[in-house]
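Down below is the structure, laid out as structure tokens.
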Amino acid sequence: MSGPSDRWAGPSDRWPGPSDRWVGPSDRWAGRPPWARRRRHRGGFGCLFLVLFVLVGWPLVFAVTAALSFLVRNGGYHVGLVLVVLAVVVIVATGRMFTGTGQTLDDLADASRRVASGDLTARVPEPSAVPRRLRELVASFRTMVDRLGEDERQRRRLLADVSHELRTPLAVVQGSVEAMLDGVHPADEAHLRAVLAETEVLSRLVDDLRTVTLSESGTLALHPEPTDLVVITGELEASFRARLDTAGASLSIEASDDLPLLFVDPVRTREVLANLVGNALDHAGSGVRIAITARAVPGTASVEISVSDDGPGIAPELLPTLFDRFVKSPASRGSGLGLAIARNLVLAQGGAIEVASRVGEGTAFTIRLPAATPEL
């Protein structure tokens with residue numbers, strides 16, 4: 001026969017110790033029935049809406065009772081029955097709406113507290129029997145948390161990519177300087193130029209990071225003005241002439257006769273075109289033919305610019321993420337930020353950019369930019 005103390009032993013102990021009450025939020029309601037879990041809403045909006053429901057419901061019940069009493073005294077039994085049924089339906093529907101609204105608002109408050117504490121996995125269950133505006137609020141909250149989660153993932157990925165890109169040139173600079181200090185390599189012009197080249201890589205990477213960050217945040221200063229695309233492409237051809245001759249490549253420029261002026265930042269637009277032409281020279285190899293064509297888009301106040309080459313093309317698996325930061329082919333020696341900058345600069349000027357490529361046939365980038373209106 002067991003002693004008195006044995007009656008409370010075992011997993012079915014009715015009196016848990018103090019440590020059992022301080023469990024995590026996800027474990028507090030484990031094993032309890034649904035009605036017990038809902039108790040947490042009674043002290044919040046659910047309690048408020050219950051009071052409102054009582055305040056609204058009692059006058060309705062009183063009015064229905066008075067009307068039913070009057071109808072019964074005057075022989076209107078059928079009308080009274082219909083009235084009772086309608087009253088019950090209205091009360092039940094109103095009660096469901098008040099209860100669902102209070103519970104949904106409590107869920108929103110709980111999820112907001114979790115998000116504020118850094119938990120971006122917080123979600124609000126899809127509500128039912130609540131007003132349309134409240135459903136829209138829940139959907140907006142879900143979209144907001146999804147975007148916050150995506151921004152956080154991009155931030156972590158950016159930090160990882162930046163640290164990876166900085167590691168190589170810094171390691172080269174550190175190794176070269178240490179070798180000179182240890183007497184392994186002489187501090188002559190050849191070795192110092194190698195160190196200088198790596199510092200230039202670091203400088204370009206920092207500038208590219210600044211540009212892509214400012215463009216993504218919408219704080220990049222742009223100075224749009226009526227711009228002649230023919231002038232920009234002419235300057236671009238002159239600046240690439242030495243590289244084109246060295247690589248045995250060609251650059252052709254063709255613009256339609258009715259091409260209007262662009263309303264863009266000329267410096268940033270030239271930067272976009274220079275990035276695309278430079279990529280073609282870097283990845284397409286010697287003898288590549290690059291073509292820049294421009295035409296007015298009928299029925300719109302915009303100009304379409306195409307930068308195409310007959311190089312080896314881009315692998316299909318890279319195309320969906322080609323404009324993302326630090327996306328590049330294994331053979332690329334660039335920072336992987338050029339196309340991300342080009343896309344952001346085009347979007348910041350109210351344009352659009354897309355790419356089409358086939359392996360072995362070449363690549364074509366298509367840019368659409370706004371044209372200057374006559375009043376400009």
Side-chain angles (χ1 to χ4, degrees), residues 165 199-244 249 251-256 259-283 290-297 300-309 322-328 334-355 363-376:
E165 294 295 330
T199 60
E200 291 174 349
V201 171
L202 286 172
S203 179
R204 287 196 302 269
L205 178 59
V206 171
D207 290 340
D208 289 345
L209 284 171
R210 180 178 181 276
T211 301
V212 75
T213 302
L214 292 177
S215 59
E216 287 184 350
S217 63
T219 57
L220 181 65
L222 295 174
H223 306 283
E225 60 184 51
T227 304
D228 190 346
L229 182 62
V230 177
V231 175
I232 292 180
T233 53
E235 295 174 349
L236 188 68
E237 183 181 18
S239 65
F240 275 94
R241 178 50 53 196
R243 289 187 61 185
L244 291 169
L251 174 62
S252 62
I253 301 173
E254 180 182 351
S256 60
L259 189 69
L261 296 177
L262 297 175
F263 188 68
V264 295
D265 185 323
V267 176
R268 295 301 185 180
T269 302
R270 179 180 171 180
E271 182 179 349
V272 172
L273 296 177
N275 183 286
L276 299 180
V277 173
N279 280 348
L281 285 172
D282 291 337
H283 302 295
I290 306 171
I292 299 178
T293 60
R295 67 179 185 90
V297 180
T300 64
S302 60
V303 174
E304 185 178 274
I305 307 169
S306 174
V307 181
S308 59
D309 64 71
L322 192 63
F323 294 104
D324 292 349
R325 295 183 299 248
F326 298 105
V327 173
K328 56 183 180 179
S335 65
L337 292 173
L339 290 179
I341 293 174
R343 177 196 59 185
N344 292 337
L345 291 178
V346 170
L347 295 178
Q349 299 183 90
I353 183 172
E354 58 185 18
V355 60
T363 303
F365 289 89
T366 303
I367 305 170
R368 182 171 292 191
L369 291 172
T373 55
E375 58 268 19
L376 295 174

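No experiment lies behind these values; they were computed from the predicted model shown.
Applying the side chain to side chain donor-acceptor pair (under 3.5 Å) rule to Ser256 yields the partners Asp258; only residues at least two apart in sequence or on another chain are considered. Every residue two or more places apart in sequence or in another chain that forms a side chain to side chain donor-acceptor pair (under 3.5 Å) with Ser215 is listed here: Asn344. Arg268 meets the side chain to side chain contact (heavy atoms under 4.5 Å, CB included) test with Thr211, Leu220, Leu222, Asp265, Glu271, Leu345, Gln349; sequence neighbours excluded. For Ala280, the side chain to side chain contact (heavy atoms under 4.5 Å, CB included) criterion is met by Ile290, Asp309, not counting sequence neighbours. Scored by the side chain to side chain donor-acceptor pair (under 3.5 Å) test, Glu235 finds Arg270 as partners (sequence neighbours excluded). Take Ser203 and apply the side chain to side chain contact (heavy atoms under 4.5 Å, CB included) test, not counting sequence neighbours, and it matches Asp207. Partners of Glu237 according to the side chain to side chain contact (heavy atoms under 4.5 Å, CB included) rule, which considers only residues two or more places apart in sequence or in another chain, are Arg241, Leu251, Ile253. Under the side chain to side chain donor-acceptor pair (under 3.5 Å) criterion, Arg210 pairs with no residue, sequence neighbours left out.
Residues Phe263 and Pro224 approach most closely at CE2-CB, 3.9 Å, considering heavy atoms. Closest approach of Val303 to Val297, counting heavy atoms only: C-CG2, 4.2 Å. Heavy atoms only, all atoms of each residue included: Leu229 and Ala294 are closest at CD2-CB, 3.4 Å. Taking each heavy atom of Leu339 and Phe323 in turn, the nearest pair found is O-CD2, 3.5 Å. The minimum heavy-atom distance linking Arg243 with Gly278 is given by the pair NH2-O, 4.0 Å. Scanning all heavy atoms of the two residues, the minimum distance from Asp228 to Val230 falls at OD1-N, 3.0 Å.
Note that the CZ atom of Arg368 and the CD atom of Glu304 stand 5.5 Å from one another [nearest 0.5 Å].
Within the 4.5 Å cutoff, side-chain heavy atoms of Thr227 are placed close to those of Ile232. Considering only heavy atoms from C-beta on, Thr363 comes within 4.5 Å of Val355 through its side chain.
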Review point. Given Thr219 and Thr213, is the side chain to side chain contact (heavy atoms under 4.5 Å, CB included) satisfied, shown in steps?
Key: CA-CA 9 Å; Thr219 57; Thr213 302; over 6 Å; no

**Study point:** Steps toward side chain to side chain contact (heavy atoms under 4.5 Å, CB included) verdict (Phe365, Val272)
**Key:** CA-CA 11 Å; Phe365 289 89; Val272 172; over 6 Å; no

Check your understanding: Taking it one step at a time, do Ser302 and Thr300 satisfy side-chain hydrogen bond (donor to acceptor under 3.5 Å, both in side chains)?
Key -> CA-CA 5 Å; Ser302 60; Thr300 64; 2.8 Å; yes

Exercise for review: Assess whether side chain to side chain contact (heavy atoms under 4.5 Å, CB included) is satisfied between Leu205 and Leu337, documenting all intermediate values.
Suggested key: CA-CA 8 Å; Leu205 178 59; Leu337 292 173; 3.9 Å; yes

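A 6.0 Å sphere centred on CD of Glu225 holds more than 12 heavy atoms belonging to other residues, nucleotides or ligands.
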